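Notes follow once the structure below has been shown.
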Amino acid sequence: FGIRADDIGLREAHGTGTPLGDPIEFTALSRAFGSMTDKQGYCALGSIKSNIGHATTAAGIAGLVKVLLAIRHETIPPTIHCAALNPAIRAGGSPFIFNAPPLAWPAGRAARRAAGSSFGFSGTNAHLVLRDEPPAARPELPGPVAVFLSARSGDRLRLMAKALADAVAHDPHIAIRDAAFTLAAGRRHMRHRLAFVAGSRDSLIEALGSFADSGQVSAGLRLSELQDGAAPGPERMAHGLSLIEPLRTDAAAWTREPWDALAALYCEGVELPFGRAFAPGTAGRIALPTYPFERSRYWASPPASPARPQ
């Protein structure tokens, strides 16, 4: 695989905190890394168990989530409760460090790699090496794109619009095409719907923010509440499919008119594979704000205590 030990900046250990198991794991790691490099004190060694305890059968996935978040946030979390090491662990001269404060781990020209292990009860062990995603070479966005948003109620739709506007405003890495594709192909489409065509990040933020603040739609925005039993006819679906295929195959078709027509069909309730309008490689799913569930409580009220006889 072309992976070198001195390329790994974070090692998520099994690290159960046992007097015997930890030294055995540390010695094995030191030997494995030392067989490939003479570098010392360059790889952060930690275990999520020092933060949340042992998750038993979910321990491996917990460590994986930690590594993925470290890559995403460009920060190696601290290893806590390590002020005094197990005397059988000799960290000096090894490739590893136990970082007490968080360590900055910025993305750069060199890949950031991390490794982790999961040791199963049955003796089945898994080892995984991850790296940050290399920059993808994608064609330029040929034109505007339709944004589809939906919720179970009108007030939830406004909250979703605000959350999405805030996310795009605060994260310059969110591309319009990725956000639009995620909303089209990776979300359930519910009764209350908002759709519009955006040609830039600023126009996307402005449209979402305006609707979130007022609940009213400005020019170019479409808002609807679907009614039960009011399904559009097959001719509307056929019309939508005739719009999707050219967008998928011909960059010259990426103009405002077909996207606006799809936005209208979306707000009519036409069930279409809207994600197919994006040709493979032009957009991808990304993390966007999740659904803003209502903060309703449904706890049963305890019965009133009977009055005591006087």
Side-chain angles (χ1 to χ4, degrees), residues 1-18 20-52 54-80 82 85-86 88-138 173 178 280-281 284-287:
F1 295 99
I3 300 172
R4 294 180 49 84
D6 51 9
D7 290 337
I8 296 175
L10 171 61
R11 180 60 170 82
E12 176 67 9
H14 188 60
T16 55
T18 56
L20 181 60
D22 283 3
I24 291 175
E25 183 180 12
F26 182 85
T27 301
L29 287 171
S30 297
R31 289 177 178 175
F33 276 59
S35 67
M36 298 182 66
T37 181
D38 294 327
K39 292 176 65 176
Q40 299 179 6
Y42 71 91
C43 179
L45 181 64
S47 172
I48 190 66
K49 295 179 182 66
S50 70
N51 302 91
I52 66 171
H54 200 318
T56 59
T57 54
I61 196 67
L64 174 61
V65 170
K66 170 190 168 180
V67 168
L68 292 174
L69 290 175
I71 292 175
R72 177 180 178 182
H73 294 285
E74 302 184 358
T75 303
I76 297 177
T79 299
I80 62 176
C82 279
L85 292 178
N86 185 321
I89 294 178
R90 297 178 175 83
S94 77
F96 305 108
I97 57 172
F98 297 92
N99 57 301
L103 291 180
W105 200 22
R109 298 181 63 180
R112 292 173 298 154
R113 289 187 172 90
S117 296
S118 178
F119 302 141
F121 287 135
S122 66
T124 302
N125 302 328
H127 184 72
L128 188 66
V129 177
L130 302 98
R131 60 154 294 174
D132 51 354
E133 182 181 9
R138 298 189 303 183
H173 297 101
D178 293 332
R285 296 196 189 193
I286 58 174

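Note that the structure is predicted; figures quoted are calculated from it, not measured. In this chain, numbering begins with 1 at the start of the sequence shown. Values below: every heavy atom of this structure, side chains too, minus hydrogens, waters and symmetry copies.
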Looking at CD1 of I61 and CG of L68, how far apart are the two atoms once the value is rounded to the nearest 0.5 Å?
8.0 Å

Any side-chain heavy-atom pair from L103 and I97 closer than 4.5 angstrom?
yes

N/O donor to acceptor pairs below 3.5 angstrom from side-chain atoms of residues 21-32, sequence neighbours left out:
| unit_1 | atom_1 | unit_2 | atom_2 | d |
| --- | --- | --- | --- | --- |
| D22 | OD1 | T16 | N | 3.3 |
| D22 | OD1 | G17 | N | 3.2 |
| D22 | OD2 | G17 | N | 3.0 |
| E25 | OE1 | H14 | N | 3.4 |
| E25 | OE1 | G15 | N | 3.0 |
| E25 | OE2 | H14 | N | 2.7 |
| T27 | OG1 | P23 | O | 2.8 |
| S30 | OG | F26 | O | 2.9 |

With no hydrogens and no angle check, is any side-chain donor or acceptor of D132 less than 3.5 Å from a backbone partner on A111?
no

Mind checking the CD-OG spacing from Q40 to S94? Nearest 0.5 Å is all I need.
7.5 Å

Check: R112 side chain, G9 main-chain N or O, donor-acceptor pair, under 3.5 Å
no

If you take all heavy atoms of L85 and A91, which pair is closest and at what distance?
CD1-CB, 4.1 Å

Taking all heavy atoms of A44 and all of I76, pick out the closest pair and write down the distance.
CB-CG2, 3.8 Å

Just how far is it from atom NZ of K66 to atom CD1 of I52, taken to the nearest 0.5 Å?
10.0 Å

Test of understanding: with side chain to side chain contact (heavy atoms under 4.5 Å, CB included), list the residues that count as partners of H173, not counting sequence neighbours.
D171

Could you report the tightest heavy-atom contact between T37 and A5, atom names first, then the distance?
CG2-CB, 4.2 Å

Just verifying a value: how many Å separate L130 CG and L64 CG, rounded to the nearest 0.5 Å?
6.0 Å

CG of L45 to CD1 of I8, rounded to nearest 0.5 Å, is 11.5 Å

Between T79 and S47, which heavy-atom pair has the shortest distance, and what is it?
OG1-N, 4.5 Å

Taking every non-hydrogen atom, the tightest pair across T56 and H54:
N-ND1, 2.9 Å

My understanding is that only residues two or more places apart in sequence, or in another chain, count here; which of them pass salt bridge (Lys or Arg N to Asp or Glu O under 4.0 Å) with R4?
D6

From CG (D7) to CZ (R131), nearest 0.5 Å:
10.0 Å

For A114 and W105 the tightest heavy-atom approach is CB-CH2, 4.0 Å

